[in-house]
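For reference, the structure discussed in these notes is given below.
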Amino acid sequence: MSDSEDDIPLVQRAAAPSAKSTPKPAAAKAAAKPAAAQPQSRARTNGASKKKPETEDEDDDEESEEASSSSESEDEDSESDLPLAKRRKSKSPGAASTGAKRKRATPQRESEGAKRSKREPGSSKSGQVMWKTLRHCGVLFPPEYEPHGVKMLYDGKPVTLTPEQEEVATMFAVMKDTDYMKKPVFLKNFWEGFKEVLGKNHVIKTLDKCDFTSIYDWHMAQREAKKNVSKEEKDRIKKDKDEKEAKYKVAYVDGRPEPVGNFRVEPPGLFRGRGEHPKMGKIKRRVYPRDITINIGEGEPVPEHPYPGQTWKEIKHDHTVTWLAYWKDTISSKDYKYVFLGATSTFKADSDLAKYEKARKLKDLIVDVRKNYERDWESSDNKKRQMGVAMYFIDKLALRAGHEKDEDEADTVGCCTLKVENVDLEPGNKVKFDFLGKDSIRYENVVEVHPTVYKNLERFRRIDSTGKKKKPGDQLFETFDAQDLNKELKNIMDGLSVKVFRTYNASITLDRLLSEWEASKKGADVQSVDQKKVDYDVANKEVAILCNHQRSVPKTHTNQMEKIQEKLQALSTELKELEDELAAVQKGKGEGKKASADSLLSRIEKKKQAIFKVELQARSKEDLKTVALGTSKINYMDPRITIAWCKRNEVPIEKIFNKSLLGKFNWAMDVEPSFRF
DNA sequence: ACCGCGACTTGTGGATATGGTA
DNA sequence: TACCATATCCACAAGTCGCGGT
């Protein structure tokens, strides 16, 4: 790492998982199901008037009943192995019921507390049929490269490049003001790629003598020009583009229209790895139809493409998978790029629901799970002890599993791949974690742990199970890996894996915090929606900290805060003026007095509220500057918790979920207000 | 009993749309 | 009514995890 200066801002971890050595009380199995769960209390208190503009999708009607009821309760097996989607009545394609605002198709799934039996709905696991018919238009290719003819300099002299070479030079030139330019690995990888494109015996012999400034300038000029196009022209261009893209945006699954996620083929460019990625700067080749495998229903028209001489790499009809197309990544031979349906699709909704139901299932077992791994801390079997400690970290700190990685990937770790130097022991049974996790985001945290864990760690850091000394770079847990751990978890619960703990802990934390909030505010003065939203964010923040979802402080943050302060200044001056005025009026006499005093009074009140609101925002902004709330909202916190809370507290759901989240969580909207995770 | 493959979720930052403000 | 900074969207990288082949 370079200067620790702009290192990831260290999130205030103080609040992180209580230093308590004992696992959390596991939410005493939330009474959760107050028998009288307001039956059909559709009492949607929140202002969330149902008139959502309706996202193109789902016009599938069907009485929401049927789909659920049957499949729901008896879920277990037989054909119910089919993902939910499958079981939905599919509407005849044509019948795009324009009018009929469809209710969300997904009915309640409150699996009242316990026993939701084995089969999760929608779990797209192995071999299950995901669709009967599938129709789509394939993928959209990026435009071919258009040479600009701007010459770069080599050793001070202009060089003529072939279009192909120029394209690569341009990829590089354009990155002039990024700090990749300072990274030796990036430069080396780029040069290797560039050299190859140049061919042997080219005048360009070394990157040092290359000057791409002219191309960079050209690029900037282009950008500027684009910005200055007239509004009408811009609109026209956009409209054009939208029309060209329209057909790629939708796929028909069993006749139902579903949004396609990323239908665009990735354009060529230089690979930008995160952190110190060994492959940064490599050329990401252009992808052609011959590289792409299409998955589509039998008998459906094969998608077209703009390369007359070519054919798709393959046309498949695999009903057990949800992808529409894929190609091999050109950077890493073992990676694939997929085209999937969008987040609002039925496939995704089903698996989202399944994910949370699985986590809730874990909730019912968590007390035992904890008892078990705590017992393992004392085992005479070293491996068991290590696993027990790892499980503790995973559960308590919501660490990721951490699979083994290759040399040619960024050097990051998860729980199972922690190295001895990632964990420091401090007095008072305190453990200090410091490592780079996913995306090379630094995880830094000091936690007090159970003494037995502490003792174990002392040993794990020092020697391996054969008694051999460990050194930096050695695994903290050398006796097992993520796979082994997951295998063990399968014995505890069907479908259980490490990541489920992250989901579980995020969701249960939100649930707990929100309900504590409600308990403490019960009967208290009516709060503004703004205040409630801020309070929700506080809970959200705690979850984000648990999951280590950081963000870099926005560049403009300081600036913005100053502006807010100024605004506050102005407001309070105005307030002062009003108050003076009022005083003056009250002193004076005469007719209009009463009226103008009243009016002043109300203006003063308004002003005070405005001030309060700005202050609130200022505090919240400052408080959240290093925390990314979005990630947990999108991926970890069961949306039903939030929606139910909104209903109970008269907060319009739109205050918490933006448009795309509303779409993504459509499946959860009908949740009972009494829902508890 | 691995281990690479394949498919799907999670994650961040950059690009762009948008809505409040001068 | 253009600006302008933020809020949202999007691209695509980087994880997780089960499976099937050897």
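Naming convention: chains lettered A, B, ... in sequence-line order (proteins, then strands); numbering from 1 in each chain. Quick note: numbers below take in every heavy atom, side chains included, and nothing from hydrogens, waters or symmetry partners.
As judged by a 4.0 angstrom heavy-atom cut-off over every strand, Gly273(A) is placed among residues touching the sugar-phosphate backbone only. Backbone-only engagement by Gly402(A) is indicated by non-hydrogen atom pairs under 4.0 Å involving sugar-phosphate atoms exclusively. Here Lys438(A) lies in heavy-atom contact (under 4.0 Å) with a base.
If you take CG of Leu436(A) and P of dT12(B), they are 13 Å apart, rounded to a whole angstrom. For the pair Asp329(A) CG and dC8(B) P, the interatomic distance rounds to 18 Å; values are reported in whole Å. The distance between atom NZ of Lys487(A) and atom P of dG18(C), rounded to the nearest whole Å, is 10 Å. Rounded to an integer number of Å, the gap from Gln128(A) CD to dA7(B) P is 15 Å. If you take CZ of Phe271(A) and P of dG14(B), they are 15 Å apart, rounded to a whole angstrom. Spacing between atom NE2 of His319(A) and atom P of dA7(B) amounts to 15 Å, rounded to whole angstrom units. Between the OH atom of Tyr180(A) and the P atom of dG13(B) there is a distance of 10 Å, given to the nearest Å. Rounded to whole Å, atom P of dT9(B) lies 14 Å from atom CD1 of Ile634(A).
Between Phe480(A) and Ala390(A), the shortest heavy-atom distance links the atoms CZ-CB, 3.6 Å. Nearest approach of His136(A) to Ile296(A), heavy atoms of both residues: O-CD1, 3.6 Å.
Nearer to the 5' terminus of DNA chain C, by closest-nucleotide assignment, is the contact made by Val265(A) (compared with the other of Val265(A) and Ala410(A)). With the nearest nucleotide of DNA chain C identified for both Leu496(A) and Gly275(A), Gly275(A) has the one nearer the 5' end. Where Arg272(A) and Tyr636(A) meet DNA chain B, the nucleotide closest to each residue was compared, and Tyr636(A) sits on the side nearer the 5' end. Between Trp323(A) and Ser632(A), the residue anchored nearer the 5' end of DNA chain B, judged by the nucleotide with its closest heavy atom, is Trp323(A).
Here the side chain of Lys334(A) is nearest to one of dC5(B), dC8(B), dG18(C), namely dC5(B). Distance from the side chain of Lys284(A) is smallest to dC12(C) among dT16(C), dT12(B), dC12(C). When distances run from any side-chain atom of Lys405(A) to the nucleotides dA17(B), dC8(B), dG15(C), the shortest one goes to dG15(C). Here dG4(B) is the nucleotide among dA7(B), dG15(C), dG4(B) with the atom lying nearest to any side-chain atom of Gln483(A). Comparing dC17(C), dA7(B), dA13(C) by their closest approach to the side chain of Phe340(A) singles out dA7(B). Distance from the side chain of Arg502(A) is smallest to dG11(B) among dA7(B), dG11(B), dA13(C). Among dT9(B), dT12(B), dC17(C), the nucleotide with an atom closest to any side-chain atom of His403(A) is dC17(C).
Applying the 4.0 Å criterion to OP1 and OP2 of dA13(C), one finds that His277(A) has every side-chain N and O outside that range. Not one side-chain nitrogen or oxygen of Arg551(A) sits closer than 4.0 Å to the OP1 or OP2 atom of dG11(B). The phosphate of dT9(B) (OP1 or OP2) has no side-chain N or O of Lys499(A) nearer than 4.0 angstrom. For the OP1/OP2 pair of dA14(C) and a distance below 4.0 Å, the side-chain nitrogens and oxygens of Ser440(A) include no atom meeting the criterion. Ser351(A) has no side-chain polar atom (N or O) that falls below the 4.0 Å cut-off from OP1 or OP2 of dC8(B). A sub-4.0 Å separation between OP1 or OP2 of dC8(B) and a side-chain N or O of Lys355(A) is absent. Taking side-chain N and O atoms only, Thr322(A) has a distance below 4.0 Å to OP1 or OP2 of dC8(B). Between Lys490(A) and dC17(C) there is no side-chain N or O to OP1 or OP2 distance below 4.0 Å. Remark: Ser497(A) is not in phosphate contact with dT16(C), judged by side-chain N or O atoms under 4.0 Å from OP1 or OP2.
Using a 4.0 Å cut-off between charged side-chain N and carboxylate O, Arg285(A) and Asp291(A) make a salt bridge. Checked for salt-bridge contact, Lys355(A) and Asp352(A) meet the test: a charged N lies under 4.0 Å from a carboxylate O. Remark: Glu357(A) engages Arg640(A) in a salt bridge, criterion side-chain N to carboxylate O under 4.0 Å. Taking the charged nitrogens against the carboxylate oxygens, Asp406(A) and Lys334(A) do have a contact shorter than 4.0 Å, which makes a salt bridge. With respect to Lys282(A) and Asp408(A), no salt bridge is recorded, no charged nitrogen being found less than 4.0 Å from a carboxylate O.
The shortest side-chain heavy-atom distance between Asp434(A) and Asn422(A) does not fall under the 4.5 Å cut-off.
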Which atom pairs link the protein and nucleotides 9-11 of chain C when you take only N or O atoms and keep those under 3.5 Å?
residue, atom, partner, partner atom, Å
dC9(C), OP2, Ser660(A), OG, 2.6
dA11(C), OP1, Arg264(A), NE, 2.8
dA11(C), OP1, Arg264(A), NH2, 3.4

- Walk me through it: do Phe347(A) and Phe340(A) pass the test ring pair (Phe, Tyr, Trp, His ring centres under 6.0 Å)? CA-CA 9 Å; Phe347(A) 286 160; Phe340(A) 289 117; 9.4 Å; no
- Message: Evaluate His549(A) against Tyr636(A) for ring pair (Phe, Tyr, Trp, His ring centres under 6.0 Å), listing each step before the verdict.
- Response: CA-CA 11 Å; His549(A) 293 144; Tyr636(A) 288 107; 5.6 Å; yes
